[in-house]
A.B. asks: 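Starting off with a structure, shown below.
Residue numbers begin at 1 in each chain, while the letters A, B, ... track the order of the sequences. FYI, side chains are in, hydrogens and waters are out, and symmetry mates aren't considered; it's all heavy atoms of this structure.
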There are 2 protein chains.
Amino acid sequence: MATPMGRRTGRPRAVTEQAILDAALWQLDGGGADAVSIRGIAAQVGIAPNAVYTYFPSKAAVLRALVERFLGDVNHDRFIDRELPWRERVEALALELRTHLVAHRGAVQLLLGGPMDGPNALTLRESLSEALADGGSTPDDAARASYVLLVYIFGAIALEVAELDQRRIAPTERDRVSTRRAVLDTISAEDYPRTTETAGTISKDFTTEQFLWGLTRILNGLQA
Amino acid sequence: MATPMGRRTGRPRAVTEQAILDAALWQLDGGGADAVSIRGIAAQVGIAPNAVYTYFPSKAAVLRALVERFLGDVNHDRFIDRELPWRERVEALALELRTHLVAHRGAVQLLLGGPMDGPNALTLRESLSEALADGGSTPDDAARASYVLLVYIFGAIALEVAELDQRRIAPTERDRVSTRRAVLDTISAEDYPRTTETAGTISKDFTTEQFLWGLTRILNGLQA
DNA sequence: CCATAATATGGACGGCGTACAGAAAGAAGT
DNA sequence: ACTTCTTTCTGTACGCCGTCCATATTATGG
């Protein structure tokens, strides 16, 4: 009972949860959500696959922690500044979220796959709701409106990256299928573009404009 | 060259593509998108797993066809009726889509996972865009607006079912994880509710109201 | 120096998608 | 009717996955 705190005894850990999440994020960026595997993570950090279960109880838990980390990494600076008009703040946050989602585009599948109930997720929803309340909404309407906004932001990126991932055709696609029958294959994670390094090239042109167009319309509707 | 048409020679097929998609849909409803497996489908229709590859070139192709079938099953009746005011038509379609998505809630992951480029998907987008054009939008704006609407509809269901699936805790969740460390597990497809039979119970209460609230606000914003 | 406790590893199990080779089963040509 | 051809189906196998069990490792507290 004399030890200062925390870990008392036993073999020291070889890595950290953060290192594991780093590896997971790397795999996510490199091959999409399906490419995140316990075995891959373990290989990357240099431990046996099952050793991961000392840090997280299951793969699902790893993914949940990854989502939390992702949400914790979005830049809230411009959003926190309560001097700015509320719309500007909301738009800044939406764009910031979008930027991060495009940079780690595999994350959107994870975001939409689980309930947004982690601390960072709740903080995000809450502060978004606050900003909308500053715009004159009742607290109840602000909560609803923040939900609508989150749905739009995540949904838009989901459809966008789905369209982006399309291109590639699977290398192993024999025409076992008889004669005609035009069912084709699409994505196959063959040389998935590591978006962390190419983020700028995608977003600038059409899609951000479309995204902002919808965002402002929605905000118009929410304000009235 | 004398045969009437279609299949000319060879061993007859044991099942049909539709039977395979039926089985896939059954698995989808029973265990979510992750529970759809080639082996499971094959077992259900009574063929060897690899025989499926005579009908579809890959699992991805099966899922794509499943999405198309899903979209083809939505009821367009009230939507097609050009006598109704455009807003009513759009709302009817949105609700119809929502109903189908809640009935087969595993489908939303598939919808958002791939590009919406199948025939039925394009038809949907196009006719939605038409209705919006009836509301006075320019064709360009109507296309953008229909995109926003689809994003909202799919995104809303995605977040909704994510929250629904949460509950269950994994049966195999030892506390290997040391001492505290509060990372829990969630979904585990253990007795996944077969939504086709329970569809009515979920949607009626809070969520449809919330959905409609957002929908009308968005339509307000799109109209202005 | 020993007991204890946390962590890491080796190995295995069952399940997945799917590739390959060969067997089955009708249709067409003689 | 027999043979050939064509398509589909099956047996088998490979590599990958998540995760469990038993065991070995390596610290700390007495």
A.B. asks: Let me know the distance between NZ of Lys59(B) and P of dT18(C), rounded to the nearest Å.
C.D. replies: 8 Å
A.B. asks: List in chain and number order the residues that pass side chain to side chain contact (heavy atoms under 4.5 Å, CB included) with Gln109(B), two or more places apart in sequence or in another chain; answer none if no residue qualifies.
C.D. replies: Ala33(B), Asp34(B)
A.B. asks: In whole angstrom, give the distance that lies between atom CD1 of Ile38(B) and atom C1' of dC16(D).
C.D. replies: 16 Å
A.B. asks: For Tyr152(A), run the ring-ring contact (aromatic ring centres under 6.0 Å, His included) check against Tyr147(A), Trp213(A), Phe211(A) and tell me which one passes.
C.D. replies: Phe211(A)
A.B. asks: So if I take every side-chain heavy atom of Ser37(A) and compare against dG18(D), dT7(C), dC9(D), which nucleotide ends up nearest?
C.D. replies: dG18(D)
A.B. asks: Looking at dC9(D), I'd like to know if its phosphate oxygens (OP1 or OP2) sit under 4.0 Å from a side-chain N or O belonging to Tyr55(B).
C.D. replies: yes
A.B. asks: Grab the CG-C1' distance between Asp34(B) and dG15(C) for me, whole Å please.
C.D. replies: 14 Å
A.B. asks: Please name all residues satisfying side chain to side chain contact (heavy atoms under 4.5 Å, CB included) with Leu93(B), sequence neighbours left out, ordered by chain then number.
C.D. replies: Phe79(B), Leu124(B), Leu128(B)
A.B. asks: Could you list the residues that satisfy side chain to side chain contact (heavy atoms under 4.5 Å, CB included) with Ala51(B), not counting sequence neighbours?
C.D. replies: Ile47(B)
A.B. asks: Over how many whole Å does the gap from Phe56(A) atom CZ to dT19(D) atom P extend?
C.D. replies: 13 Å
A.B. asks: Would you mind telling me which of dA8(C), dG11(C), dT19(D) lies closest to the side-chain atoms of Ala14(A)?
C.D. replies: dA8(C)
A.B. asks: Which nucleotide sits closest to the side chain of Ala51(B): dT10(D), dT7(C), dT19(D)?
C.D. replies: dT10(D)
A.B. asks: Is Arg39(B) close enough to dG15(C) that one of its side-chain N or O atoms is under 4.0 Å from OP1 or OP2 there?
C.D. replies: no
A.B. asks: Closer than 3.5 angstrom, by distance alone: can the side chain of Thr123(A) be matched with the main-chain N or O of Pro119(A) as a donor-acceptor pair?
C.D. replies: yes
A.B. asks: Please give me every residue in residues 40-48 of chain A whose heavy atoms get under 4.0 Å of an atom in DNA chain C, ordered by residue number.
C.D. replies: Ile47(A), Ala48(A)
A.B. asks: My understanding is that only residues two or more places apart in sequence, or in another chain, count here; which of them pass salt bridge (Lys or Arg N to Asp or Glu O under 4.0 Å) with Glu130(A)?
C.D. replies: Arg82(A)
A.B. asks: According to ring-ring contact (aromatic ring centres under 6.0 Å, His included), who are the partners of Phe154(B), at least two apart in sequence or on a separate chain?
C.D. replies: none
A.B. asks: Which residues pass the salt bridge (Lys or Arg N to Asp or Glu O under 4.0 Å) test with Arg144(A), not counting sequence neighbours?
C.D. replies: Asp140(A), Glu209(B)
A.B. asks: Could you state the atom-to-atom distance from OH of Tyr53(B) to C1' of dC16(C) in whole Å?
C.D. replies: 9 Å
A.B. asks: Atom pairs under 3.5 Å, N or O on each side, protein against nucleotides 24-26 of chain D: can you list them with distances?
C.D. replies:
| unit_1 | atom_1 | unit_2 | atom_2 | d |
| --- | --- | --- | --- | --- |
| dT25(D) | O2 | Arg11(A) | NH1 | 3.4 |
| dT26(D) | O2 | Arg11(A) | N | 3.4 |

A.B. asks: Report, one line per pair, each donor and acceptor closer than 3.5 Å where one atom sits in a side chain of residues 68-76 of chain B; sequence neighbours left out.
C.D. replies:
| unit_1 | atom_1 | unit_2 | atom_2 | d |
| --- | --- | --- | --- | --- |
| Glu68(B) | OE1 | Asn120(B) | N | 2.9 |
| Glu68(B) | OE1 | Asn120(B) | ND2 | 3.3 |
| Glu68(B) | OE2 | Asn120(B) | N | 3.4 |
| Glu68(B) | OE2 | Ala121(B) | N | 3.4 |
| Arg69(B) | NH1 | Gln18(B) | OE1 | 2.7 |
| Arg69(B) | NH1 | Asp22(B) | OD1 | 2.8 |
| Arg69(B) | NH2 | Asp22(B) | OD1 | 2.8 |
| Asn75(B) | OD1 | Asp77(B) | N | 2.9 |
| His76(B) | ND1 | Val74(B) | O | 2.9 |

A.B. asks: Just compare dT4(C), dG18(D), dT6(D) and give me whichever is closest to any side-chain atom of Thr9(A).
C.D. replies: dT4(C)
